Amino acid sequence: MSQILVSMDGISKQFPGVLALDQCRFELQAGEVHALVGENGAGKSTMMKILTGVYTKDEGRIVYKGKEVEIANTKAAQSMGIGIIHQELQLMPDLTVAQNIFIGREPRAALPLFLNDKELNERTKILFRQMNLNLDPRTLVSELTVAKQQMVEIAKALSYKSGVLIMDEPTAALTNAEIDELFRMIGQLKEQGVGIVYISHRMEELKRITDRITVMRDGCYVDTVRTDAVSVDEIIAMMVGRQIYSVSKPSISAGTKQAKVLEVRGLNRGSAVKDVSFHLNKGEIVGFAGLMGAGRTEVARAIFGADRIDSGEIIVNGRKASIKAPKDAVRYGIGYLSEDRKRYGLLVDMDVKTNISIASYRSFRSSAGWMKQAGMERNAEAYVESLKIKTPSIDQRVKFLSGGNQQKVVIGKWLTRDCQILMIDEPTRGIDVGAKSEIYKLLDELVRQGKSIIMISSELPEILRMSHRIVVMCEGRITGELSSEEATQESIMKYATMRAGEIAK
Amino acid sequence: MKLAEVRKPVAIKTGAAQKLLAFASLILLVVFFSLSSPNFFRFDNLIGIMLSTAVIGVLALGSTFVIITGGIDLSVGTVMTFASVMTGVVITFWGLPIPLGIAGGILTGALCGFISGWLVAKMNIPPFIATLGMMMVTKGLSLVVSGTKPIYFNDTPAFAKLAMGTVLKVPYAVFIFFGLAVIASIVLSKTIIGRYNFALGSNEEATRLSGVNVTFWKIIIYVITGAFAGIAGIMMASRLNSAQPALGSGYELEAIAAVVIGGTSLSGGQGSILGTVIGALIMSVLTNGLRILSVPQEWQVVIVGIVVIGAVYADILRRRKK
């Protein structure tokens with residue numbers, strides 16, 4: 001495995017006002033999984049966009065299979081055999097699997113304009129057989145799980161006889177079992193000599209499947225290393241240029257022994273939430289750990305009133321609360337921050353000021369019904385300052401902010417509403433490593449001020465680092481509760497995989 | 001082989017559910033009106049229903065294409081009128097043969113569609129606005145070209161036969177409608193145009209990234225919609241034996257209603273010609289039946305409006321269950 005498939009050298013790219021890439025390089029061998037890592041804005045995706053013909057380079061050279069090439073557009077990259085699987089899948093949900101794979105290259109029948117769908121399905125079947133994939137070509141894509149849709153994307157890329165496959169955060173939406181399946185597929189492709197560029201923020205995965213790692217920072221090439229020769233901390237240090245993951249846990253802030261602010265008793269909702277009981281103290285972060293689909297988000301949504309509950313009691317500050325809709329929850333001072341910020345947390349086309357104020361319009365309204373602009377602005381300015389939101393002004397539209405800053409805006413929104421209890425689902429999903437630690441600091445600061453936080457996270461290091469107490473769920477049940485002292489990755493995983501019937505009484 | 005075992009007809013089932021629902025509603029309406037009045041289920045009346053479906057139906061067939069892309073064409077009603085006026089110009093004013101008049105009408109429609117499509121696909125003007133503009137432009141042009149007066153086909157009696165000639169007492173217009181429905185259905189399900197039509201409505205960006213010339217195909221789809229409006233215009237003119245320049249406003253909304261009742265999603269990606277045919281029939285059965293039951297015309301409109309909303313709501317409920 002020493003044949004070099006792609007070598008990019010001295011690549012520079014200038015955008016108006018920014019030098020996005022400065023003399024970068026990257027090399028991919030046949031049959032290799034090569035990770036490309038760096039914080040958001042480091043230049044990974046610009047680099048890959050140049051390789052796939054989305055952008056053209058200003059400087060440098062690309063050698064593909066021994067020949068220097070110019071990649072003018074995406075079609076050129078495709079026909080050369082360079083395929084990419086975007087993080088946001090690019091499929092047509094209303095078309096069948098086979099129709100998706102061969103879109104733009106449909107087999108034609110004898111009559112002009114007419115399609116030969118029999119041939120289409122046949123070719124897809126052959127492709128799936130090569131991939132050992134068990135899927136009916138005639139299934140509609142909208143009926144597939146995200147993981148299966150991803151397989152369709154991979155099949156599509158391979159149908160172009162791709163020798164190079166770029167995967168951008170392929171595991172972001174997959175369960176552990178599905179990740180195993182994806183990795184099996186990657187292993188298989190490797191054996192066939194396909195070179196794979198693997199972009200991911202998840203360090204454990206890089207250790208598991210990549211052969212080499214190239215690190216980028218601020219548009220510059222940092223280094224390429226063999227995966228087995230470095231530790232996760234070393235990789236992160238290269239990415240951020242400083243050590244940020246402290247192994248030691250944060251000091252537990254005072255006051256965790258204080259009153260219960262939230263207590264949940266016997267919560268049930270269909271098969272997703274089964275007999276869930278737990279409590280949250282003032283000034284405490286309770287981490288909810290578990291595998292995807294364990295029911296953690298469902299618990300939060302049920303408490304928040306976003307989904308109707310079948311039975312159970314929710315007690316806020318010692319009084320039984322009647323929560324039928326999110327507006328009730330908000331009145332009790334509970335805020336919920338969805339893992340999908342762009343869809344459920346933000347008005348991305350509106351400015352920072354509006355987003356921070358939107359949940360509290362009533363308090364910015366004068367008795368005559370006018371909006372108090374000045375009050376809204378003062379409040380937004382104050383949160384931009386105290387939460388350290390990086391934005392040119394409070395009039396900046398939220399979609400132009402980075403993931404970390406968007407998350408802070410959502411936090412600012414609930415703080416403006418004076419929420420004492422925050423339920424945060426995957427607080428650092430899609431947020432790069434440097435900004436993660438800022439979010440962590442912010443959460444620490446919030447509990448120090450007496451807020452209480454339920455933090456749902458699928459990242460064990462995050463759970464271990466942040467939580468005072470850890471509740472572990474599996475298949476809708478709480479299977480264990482651990483104090484921060486006794487919790488380890490292993491003990492959490494033990495509970496997270498504990499199926500019904502195994503629960504220690 | 002493993003592959004042969006996984007045969008899941010789920011996709012087909014859910015798609016058929018909506019058509020079945022619409023079809024069941026149609027049957028239910030027919031049964032209801034037949035029981036309510038002896039005058040409903042008579043050959044003459046049924047033919048009358050078919051005939052009144054034909055023009056709106058052809059407009060609806062054309063609109064189905066654009067709506068499946070997630071777009072809309074508000075101009076089909078007035079484009080239809082403009083096409084009928086142009087047919088009148090060619091045949092009556094210029095005295096050219098009928099086939100040229102027909103070609104002129106269809107070309108007029110197709111050209112209007114081309115311009116709308118070009119504005120939408122190339123100039124990125126939202127379909128609602130581009131076709132709203134086209135609606136006003138063609139409305140005005142119809143009046144300008146005709147001198148605000150109807151154009152009669154009195155010198156060419158064969159023209160009126162185009163829609164109103166009969167075989168076994170069934171007017172040609174009915175055959176034209178069903179014939180066009182078959183053609184539209186084949187185009188939508190068996191050709192590359194249909195495939196890209198659904199692809200565009202499903203995820204335009206993904207379609208573009210797959211190397212499909214999105215601009216070109218979108219324009220083609222608007223041209224098809226325009227051409228159908230042109231054919232509807234000729235049928236209308238033939239039926240009235242005249243091109244009526246002031247007619248046509250509001251037809252586009254009835255066509256859209258028929259498409260939507262037939263289960264085609266306004267957000268794109270889903271829909272069928274069979275559904276549109278059923279939708280158009282539901283609308284005319286309803287209007288006709290209510291008239292036979294002596295429901296005042298103003299109330300007929302109210303009821304049709306409620307049915308449109310009900311049909312879309314039923315669709316939403318079905319989707320939610322899924």
Side-chain angles (χ1 to χ4, degrees), chain A residues 52-54 73-79 83-84 86 88-109 111-117 120-122 124-129 131-144 153 156-157 159-160, chain B residues 1-18 67-70 183 185-214 216-217 220-221 224 263-272 319 322:
Chain A
T52 51
V54 177
N73 52 44
T74 50
K75 214 164 183 177
Q78 252 171 10
S79 55
I84 182 161
H86 296 273
E88 323 233 311
L89 297 178
Q90 297 286 353
L91 292 171
M92 287 133 283
D94 302 309
L95 264 51
T96 69
V97 167
Q99 289 169 357
N100 263 282
I101 291 174
F102 287 99
I103 183 84
R105 300 169 294 155
E106 293 79 1
R108 300 294 188 88
L111 281 169
L113 293 179
F114 277 74
L115 298 164
N116 184 348
D117 276 343
L120 177 82
N121 290 327
E122 206 48 50
T124 310
K125 255 185 212 169
I126 293 168
L127 190 64
F128 285 172
R129 207 168 296 152
M131 293 172 65
N132 283 324
L133 191 60
N134 193 358
L135 199 61
D136 187 337
R138 290 164 304 177
T139 318
L140 284 186
V141 164
S142 59
E143 319 220 325
L144 300 177
E153 283 264 33
K156 184 175 169 184
S159 73
Y160 284 95
Chain B
M1 267 280 85
K2 266 196 233 160
L3 280 164
E5 293 164 17
V6 281
R7 187 163 292 222
K8 269 204 313 183
V10 187
I12 303 139
K13 256 193 217 154
T14 47
Q18 173 65 20
I67 292 176
I68 289 175
T69 66
I183 292 171
S185 181
I186 290 171
V187 170
L188 207 50
S189 60
K190 296 270 184 264
T191 72
I192 194 90
I193 301 171
R195 179 64 41 82
Y196 291 160
N197 202 333
F198 282 103
L200 280 171
S202 200
N203 185 341
E204 187 174 330
E205 186 55 22
T207 310
R208 190 196 315 276
L209 287 177
S210 306
V212 175
N213 187 343
V214 167
F216 173 78
W217 290 105
I220 292 288
I221 287 161
I224 290 175
T264 295
S265 161
L266 279 180
S267 46
Q270 294 174 351
S272 72
R319 261 169 242 260
K322 210 172 98 188

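Residue numbers start from 1 in every chain, and the chains themselves are labelled A, B, ... in the order their sequence lines are given, proteins ahead of strands. For clarity, every value in this text was computed on a predicted model and none was experimentally measured.
For the atom pair B/Ile186 CD1 and A/Leu113 CG, the distance stands at 13.0 Å (nearest 0.5 Å). Taken to the nearest 0.5 Å, the CD atom of B/Glu204 stands 11.5 Å off from the CE atom of A/Met92. Here CD1 of B/Ile192 is found 7.5 Å from CD1 of A/Ile103. Values are rounded to the nearest 0.5 Å.
Of the listed residues (A/Arg108, A/Lys156, A/Gln78), the one with the most heavy-atom contacts under 4.5 Å to chain B is A/Arg108.
Using a 4.5 Å cut-off on side-chain heavy atoms (C-beta onward), B/Arg195 and A/Phe102 make no contact.
In this structure, B/Ser202 contributes its side chain and A/Asp94 its backbone to a donor-acceptor pair below 3.5 Å.
Closest of all the heavy-atom pairs between B/Asn203 and A/Pro93 is CB-CD, 4.4 Å. The two residues B/Tyr196 and A/Arg105 make their nearest non-hydrogen contact at OH-N, 4.4 Å. Of all the heavy atoms in A/Leu115 and B/Thr191, the pair that sits closest is CD1-O, 3.3 Å. Smallest separation of non-hydrogen atoms from A/Lys75 and B/Gly211: NZ-O, 3.2 Å.
B/Asn197 is linked by a side chain to side chain donor-acceptor pair (under 3.5 Å) to nothing, counting only residues two or more places apart in sequence or in another chain.
For a residue to count as touching a neighbouring chain, one of its non-hydrogen atoms must lie under 4.5 Å from one of that chain's; by this rule A/Leu120 touches chain B with the side chain only. The contact between A/Leu91 and chain B is made entirely by backbone atoms, counting heavy-atom distances below 4.5 Å.
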